[in-house]
Amino acid sequence: MSDVLENPKIEVPHAIDLTRKAGLGTGPVPVEPYVSPEFYERERKLVFGRAWLNLGRIEQLPKANSYFVKPVEACNAQVLVTRNADGEIKAFHNVCSHRGAAVALEECGVRNRFTCRYHGWTYRNDGELIGVTDPDMFFDLDKKQLGLTPIACDVWEGWIFVNFQKRPEVSLIEFLGDLGEVFRGIPYMNTHQALIIEANFNANWKLIADAFAEGYHVSSLHPNTLAPSFSSDKNKFARPVGGRAWGAHRSVSTFGNMDYVTPENSKVERLANMNNGAIVLAGDTGEQAQKLLAHRAINQAKSAHWSADLTWLFPNFNIDFSPGGFWTHEFWPTAYNKTRWIARIYMPTATSWRDRLAQEHYAARWGEVVLEDVSNCERIQIGLESGAKDHIILQDGEFMIRHSLETINKWVNAKTVKEALS
Amino acid sequence: MSEKLLPAGFEALEPFVAYWAQPTNDKRWDQRARAPMAEITAFYDAMYDRAEDAIAWLDENYPLGQEMPEDARNLSCLLLGLGQAAIAVEMHRQPRSPYSVFPHGIYMKSGPWPLG
Ligand code: FES
Ligand SMILES: [Fe+2]
């Protein structure tokens, strides 16, 4: 038994002291942020109510006058994101000025105006109120003052962010800091097609974010789906190959098993010409993928054993890169113990039926991974809510979790965003 | 013509059409997750044997994205169902991941094109 507890042989270079280098403590961390409704109320107000939040990519607004509606429960908001004929992107509360009905009723579409279904007031997609039905019946109506309520919105590298502060204390660029600079110019490939997996489950939003912040759990929780690709005898517990903090944000470079060979009995993977297991996560090996690898932000240690960069933007958004492309995670709290998680895995268009079979297999594997993590998080929530533990323990490879918790703690205690970011 | 379940030569797969020939990624996942292992294995064995032929037939007659009559569509959905069955047979040796919750609140909102 005792050999299980010993350090495994590590035969690859890996990163050390990520926690201290990120300026973090090393002690146990409190459970409270995961289980306390009061803490969640503070997060809603002081984190989600003040941080820049990612709502998607510009490709979700493919044409002039495209729009989408996105719920942000933490802020009690339905956000209507529009693109006008000039390509300008704006965000509004999806709330009619007359008596509060929703003006956009579909999740997405193409429209340059929105007519409220309650009494028919009409708004242009720049928010302006342009039509009132039976206006003579109203008293001193000033249409200019009655547009849709705007929400601060800005775009960085194709990513659409909003901020629920009436006048955001810091700009998106200030909020992103160095990361915003270093991650400029990354080629985002296959943006036209994403596998979208949505999961609604009973656990605090940070539990699932934490599950995508470290490779330590891969060999144990994902033994069939991910372990063969993301761990090996040379690095059994998937110690990271790099990582760092970026102000409020953080990234880690994960280990990949470069000796992976598709097992004999994985007959369908072989039939579908899949040679990389789960590593080429976004499923592309083309020229664009090479450009991505060469970018200075990607695999910063330029490790030969690299599989992916997990880039966690504060508070609840991941942009993750692998040799095959990129994917994102949105972790939206809907209650202190409920989460909606949306994964978007960008994929090339299949060019043959064999290819398409490979994509089905790849998507199916993702489905199982999501199921494994969700099942686990629901059990953790139950465990932590029991009160059995006041603290959890974190190792060096889990530094992103610690960084997330410390940053959230800073934000819920800071009077101003500037102070939280300092 | 239209009452043919599968293209000529693939008749042996007909018993699997009703359950396994599902039009979306999400439905194919759900069907696999709910099926008993013996049924998944039976489908996997039968479909794996004809997978190369199915790929060749589809690529030749209905390259990706072309409008398909029902028999071709059924065959393509069966082929993709094999990708799902493989997860159970080759990866987990059971219908779903060990210790996973079921039913669950996870769904494939949009799968890869086509038949996503
Ligand atoms: S609430 Fe919209 S028109 Fe009355
Ligand atoms: Fe996981």
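Sequence lines set the chain letters: A, B, ... in the order given, protein chains first and strands last, and positions in each chain run from 1. What's counted below: heavy atoms across the whole structure, side chains too, no hydrogens, waters or symmetry copies.
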Shortest non-hydrogen contact from [X] to [Y]?
| X | Y | value |
| --- | --- | --- |
| P112(B) | L195(A) | CD-CD1, 4.2 Å |
| I106(B) | I197(A) | CG2-CG2, 3.7 Å |
| A51(B) | L271(A) | CB-CD2, 3.5 Å |
| I87(B) | A364(A) | CG1-CB, 3.6 Å |

Chain B/chain A interface donor-acceptor pairs under 3.5 Å:
unit_1: N25(B); atom_1: ND2; unit_2: E360(A); atom_2: OE1; d: 3.4
unit_1: R28(B); atom_1: NE; unit_2: E360(A); atom_2: OE2; d: 2.7
unit_1: R28(B); atom_1: NH2; unit_2: E360(A); atom_2: OE1; d: 3.0
unit_1: R28(B); atom_1: NH2; unit_2: E360(A); atom_2: OE2; d: 3.3
unit_1: W29(B); atom_1: NE1; unit_2: E368(A); atom_2: OE2; d: 3.0
unit_1: R32(B); atom_1: NH1; unit_2: E368(A); atom_2: OE2; d: 2.9
unit_1: R32(B); atom_1: NH2; unit_2: E368(A); atom_2: OE2; d: 3.2
unit_1: E52(B); atom_1: OE1; unit_2: R354(A); atom_2: NH1; d: 3.4
unit_1: E52(B); atom_1: OE1; unit_2: R354(A); atom_2: NH2; d: 2.9
unit_1: E52(B); atom_1: OE2; unit_2: R354(A); atom_2: NH1; d: 3.1
unit_1: D59(B); atom_1: OD1; unit_2: W353(A); atom_2: N; d: 3.1
unit_1: Y62(B); atom_1: O; unit_2: W353(A); atom_2: NE1; d: 2.9
unit_1: Q84(B); atom_1: NE2; unit_2: E360(A); atom_2: OE2; d: 3.2
unit_1: E90(B); atom_1: OE1; unit_2: K267(A); atom_2: N; d: 3.4
unit_1: E90(B); atom_1: OE2; unit_2: K267(A); atom_2: N; d: 3.0
unit_1: E90(B); atom_1: OE2; unit_2: V268(A); atom_2: N; d: 3.0
unit_1: M91(B); atom_1: O; unit_2: N224(A); atom_2: ND2; d: 3.4
unit_1: H92(B); atom_1: ND1; unit_2: N224(A); atom_2: ND2; d: 3.4
unit_1: H92(B); atom_1: NE2; unit_2: E368(A); atom_2: OE1; d: 3.0
unit_1: S97(B); atom_1: N; unit_2: E368(A); atom_2: OE1; d: 3.0
unit_1: S97(B); atom_1: OG; unit_2: E372(A); atom_2: OE2; d: 2.6
unit_1: Y99(B); atom_1: O; unit_2: R379(A); atom_2: NH1; d: 2.7
unit_1: Y99(B); atom_1: O; unit_2: R379(A); atom_2: NH2; d: 3.3
unit_1: V101(B); atom_1: N; unit_2: S375(A); atom_2: OG; d: 2.9
unit_1: G105(B); atom_1: O; unit_2: N200(A); atom_2: N; d: 2.8
unit_1: Y107(B); atom_1: N; unit_2: E198(A); atom_2: O; d: 2.8
unit_1: Y107(B); atom_1: O; unit_2: E198(A); atom_2: N; d: 2.9
unit_1: K109(B); atom_1: N; unit_2: I196(A); atom_2: O; d: 2.7
unit_1: K109(B); atom_1: NZ; unit_2: E107(A); atom_2: OE2; d: 2.5
unit_1: S110(B); atom_1: N; unit_2: I196(A); atom_2: O; d: 3.3
unit_1: S110(B); atom_1: O; unit_2: I196(A); atom_2: N; d: 2.9
unit_1: P112(B); atom_1: O; unit_2: R356(A); atom_2: NH2; d: 3.2
unit_1: W113(B); atom_1: N; unit_2: Q193(A); atom_2: OE1; d: 2.7
unit_1: W113(B); atom_1: O; unit_2: R356(A); atom_2: NE; d: 3.4
unit_1: P114(B); atom_1: O; unit_2: R356(A); atom_2: NE; d: 2.8
unit_1: P114(B); atom_1: O; unit_2: R356(A); atom_2: NH2; d: 3.1
unit_1: L115(B); atom_1: O; unit_2: R356(A); atom_2: NH2; d: 3.4

Where on A194(A) is there a heavy atom nearer than 4.5 Å to chain B: the side chain, the backbone, both, or neither?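 Backbone of A194(A) only, per the 4.5 Å heavy-atom cut-off to chain B.
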Does any heavy atom of chain B fall under 4.5 Å from the side chain of V370(A), the backbone, both, or neither of them?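 Answer is both: backbone and side chain atoms of V370(A) are under 4.5 Å from chain B.
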Does any backbone or side-chain atom of P98(B) lie under 4.5 Å from a heavy atom of chain A? Answer side chain, backbone, both or neither.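 Contact with chain A involves the side chain of P98(B) alone.
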When the 4.5 angstrom heavy-atom criterion is applied to P63(B) and chain A, the contacting part is backbone
Can you list every pair that meets salt bridge (charged side-chain N to carboxylate O under 4.0 Å, His left out) and has a residue in residues 6-23 of chain B, with sequence neighbours left out? none
Chain A: which of V89(B), L80(B), L82(B) shares the most heavy-atom pairs with it under 4.5 Å? L80(B)
